[in-house]
Structures are given as structure tokens and as C-alpha cells.
Amino acid sequence: MFFDGAANFKGVRIGAFLILESGKHYPVSAKIRFPCTNNISEYEACILGIRMEVDMNVKELLFIEDSNLLIHQIHEKWSTKNVKILMYLQCVKELCKKFTKIEFKHVPKIQKEFPDALATLSSMIQHPHKKYIDPEDVEIMDQHAYLFHVDGEPDAKPW
């Protein structure tokens, strides 16, 4: 699973993207309407993704993230004194206990384009009064759309 969070002048946005071994893809994104830092937005995205995995009854999970801070804090290589981050770290560790195998891997940001796009999309959508927006399917098209709708030439003449 890939995840990403970002805070900027447009607000705070998060996204996660699960790819099952079967090849099925499950994207999720959210816009956060409370002030937080980039580091907290990364934790929010991580927790969003973990909860999706728990709901789907996934037992083994590989997290792929570009935040050195989050990964090193989860692996207990780096510590924090920030009380807000400590609460997020504790939450992630508790949720991780629901899996039989879980691994966190650091990758460069360039390899996480889709979760970043989900987070960006979420930040651009205006939904001040709704708590949830129905998800949209994102399809990968290998052929031109018109190829799917050609029944034949109605007049036996070329287009």
C-alpha cells in the first residue's frame, strides 16, 4: 500500500492506494478540515490506509512511503517529543497489531505518483457540508474509447 499526505495553503489532503496480490487496486482519499503539519498529514494518510486494510480483512501488508520521519519513528530508530505525533505513533502501532505481517519501506517520492494525485484531487474538491463523497472508478484505457463503441458501419460506408 502506498500513502501520502500534504499540508499547504489549499488545506490538508491525504490519500492511500492499496494494490492486492490479485492486481485489484483500491484508492481512498480525504480532505482534512483541521489544522495540521505535513508530518501529521502523513500519519493521517497512514492510518486511513491501515483502517481500509483492516476493514478488508487484509493480514499481510507492505507499506510504501516517502517520509523518512514516519518510517524511522515506527521502526523506533528515531524518537519524538511532540505530543501530537506520539498519539499518532501509538495509534499506528496499535493498528499494526491487527496484521500477521507488516513492513514499512521507504521509496523516493517519484515512485508514489498515484497516492499524491489522490491527495491533490481531494484538496481541490469543494465539499464543505458533506462528510463523504462517493468514490469514482479510475480506469486504465489501453485502446481508444471509440473502439469500444463501434458496432459496424451502418451504411456500409467508411466513416
Side-chain angles (χ1 to χ4, degrees), residues 1-140:
M1 181 180 75
F2 298 88
F3 62 96
D4 192 31
N8 61 28
F9 71 96
K10 289 185 177 182
V12 181
R13 65 216 198 266
I14 59 176
F17 186 62
L18 170 67
I19 304 172
L20 295 180
E21 285 181 331
S22 66
K24 287 197 100 124
H25 293 62
Y26 295 93
V28 63
S29 65
K31 183 173 186 172
I32 296 178
R33 295 192 293 188
F34 55 86
C36 67
T37 64
N38 269 320
N39 292 336
I40 290 176
S41 72
E42 295 287 347
Y43 272 100
E44 285 282 346
C46 179
I47 292 168
L48 176 73
I50 292 174
R51 287 187 173 150
M52 180 174 66
E53 313 313 321
V54 169
D55 290 346
M56 295 177 70
N57 204 27
V58 171
K59 294 298 177 193
E60 293 185 7
L61 191 58
L62 170 62
F63 276 96
I64 300 173
E65 173 56 8
D66 65 352
S67 170
N68 266 327
L69 178 78
L70 185 142
I71 293 196
H72 283 89
Q73 286 175 341
I74 289 171
H75 287 141
E76 298 179 356
K77 292 179 181 177
W78 294 353
S79 62
T80 182
K81 294 178 183 177
N82 185 321
V83 176
K84 291 180 182 178
I85 295 287
L86 285 172
M87 294 183 334
Y88 280 102
L89 185 57
Q90 181 181 359
C91 179
V92 168
K93 287 184 177 186
E94 285 298 313
L95 287 169
C96 287
K97 291 177 182 177
K98 298 180 185 267
F99 299 91
T100 57
K101 181 180 177 184
I102 191 162
E103 182 183 346
F104 287 82
K105 180 179 177 184
H106 179 263
V107 295
K109 186 156 185 79
I110 191 70
Q111 295 179 12
K112 291 183 12 75
E113 293 170 335
F114 200 82
D116 186 50
L118 286 172
T120 301
L121 177 64
S122 181
S123 74
M124 297 169 74
I125 297 172
Q126 297 299 317
H127 44 86
H129 303 297
K130 294 174 77 173
K131 296 283 185 197
Y132 179 79
I133 294 177
D134 293 327
E136 293 293 326
D137 289 333
V138 177
E139 294 183 26
I140 305 298

A.B. asks: With rounding to the nearest 0.5 Å, note down the distance linking OG1 in T80 to CD1 in I85.
C.D. replies: 6.0 Å
A.B. asks: Look up atom CZ in F2 and atom CG in L62, then write down how far apart they are to the nearest 0.5 Å.
C.D. replies: 8.0 Å
A.B. asks: Quick test of your reading: applying side-chain hydrogen bond (donor to acceptor under 3.5 Å, both in side chains), list the pairs with at least one residue in residues 47-57, sequence neighbours left out, ordered by first then second residue.
C.D. replies: N57-K59
A.B. asks: Got a second to check how far I14's CD1 is from C46's SG, nearest 0.5 Å?
C.D. replies: 10.0 Å
A.B. asks: Which value, rounded to the nearest 0.5 Å, describes the distance between I50 atom CD1 and I102 atom CD1?
C.D. replies: 5.0 Å
A.B. asks: Do L70 and N39 have side chains that approach each other closer than 4.5 Å (heavy atoms only, starting at C-beta)?
C.D. replies: no
A.B. asks: Is there side-chain contact between D4 and E42, with at least one heavy-atom pair below 4.5 Å?
C.D. replies: yes
A.B. asks: What is the distance from atom CZ of F99 to atom CD of E60, rounded to the nearest 0.5 Å?
C.D. replies: 11.0 Å
A.B. asks: Specify the closest pair of heavy atoms between G49 and A16, including all atoms of both residues, with the distance to one decimal.
C.D. replies: CA-CB, 3.8 Å
A.B. asks: What ring-ring contact (aromatic ring centres under 6.0 Å, His included) pairs are there with at least one residue in residues 52-86, not counting sequence neighbours?
C.D. replies: F3-F63, F63-F104, H72-W78
A.B. asks: Assess whether side-chain contact (heavy atoms from CB on, under 4.5 Å) is satisfied between M56 and L18, documenting all intermediate values.
C.D. replies: CA-CA 11 Å; M56 295 177 70; L18 170 67; 3.7 Å; yes
A.B. asks: Could you give all pairs that pass the salt bridge (Lys or Arg N to Asp or Glu O under 4.0 Å) test and reach residues 90-101, with sequence neighbours left out?
C.D. replies: E76-K93, E94-K97
A.B. asks: Sequence neighbours left out, what pairs pass side-chain hydrogen bond (donor to acceptor under 3.5 Å, both in side chains) with at least one residue falling in residues 81-92?
C.D. replies: E44-Y88
A.B. asks: Shortest non-hydrogen contact from G5 to S41?
C.D. replies: C-OG, 3.1 Å
A.B. asks: How long is the gap from CG on L20 to NE2 on H25, to the nearest 0.5 Å?
C.D. replies: 9.5 Å
A.B. asks: How close do C36 and A7 get, heavy atom to heavy atom, and via which atoms?
C.D. replies: O-CB, 3.6 Å
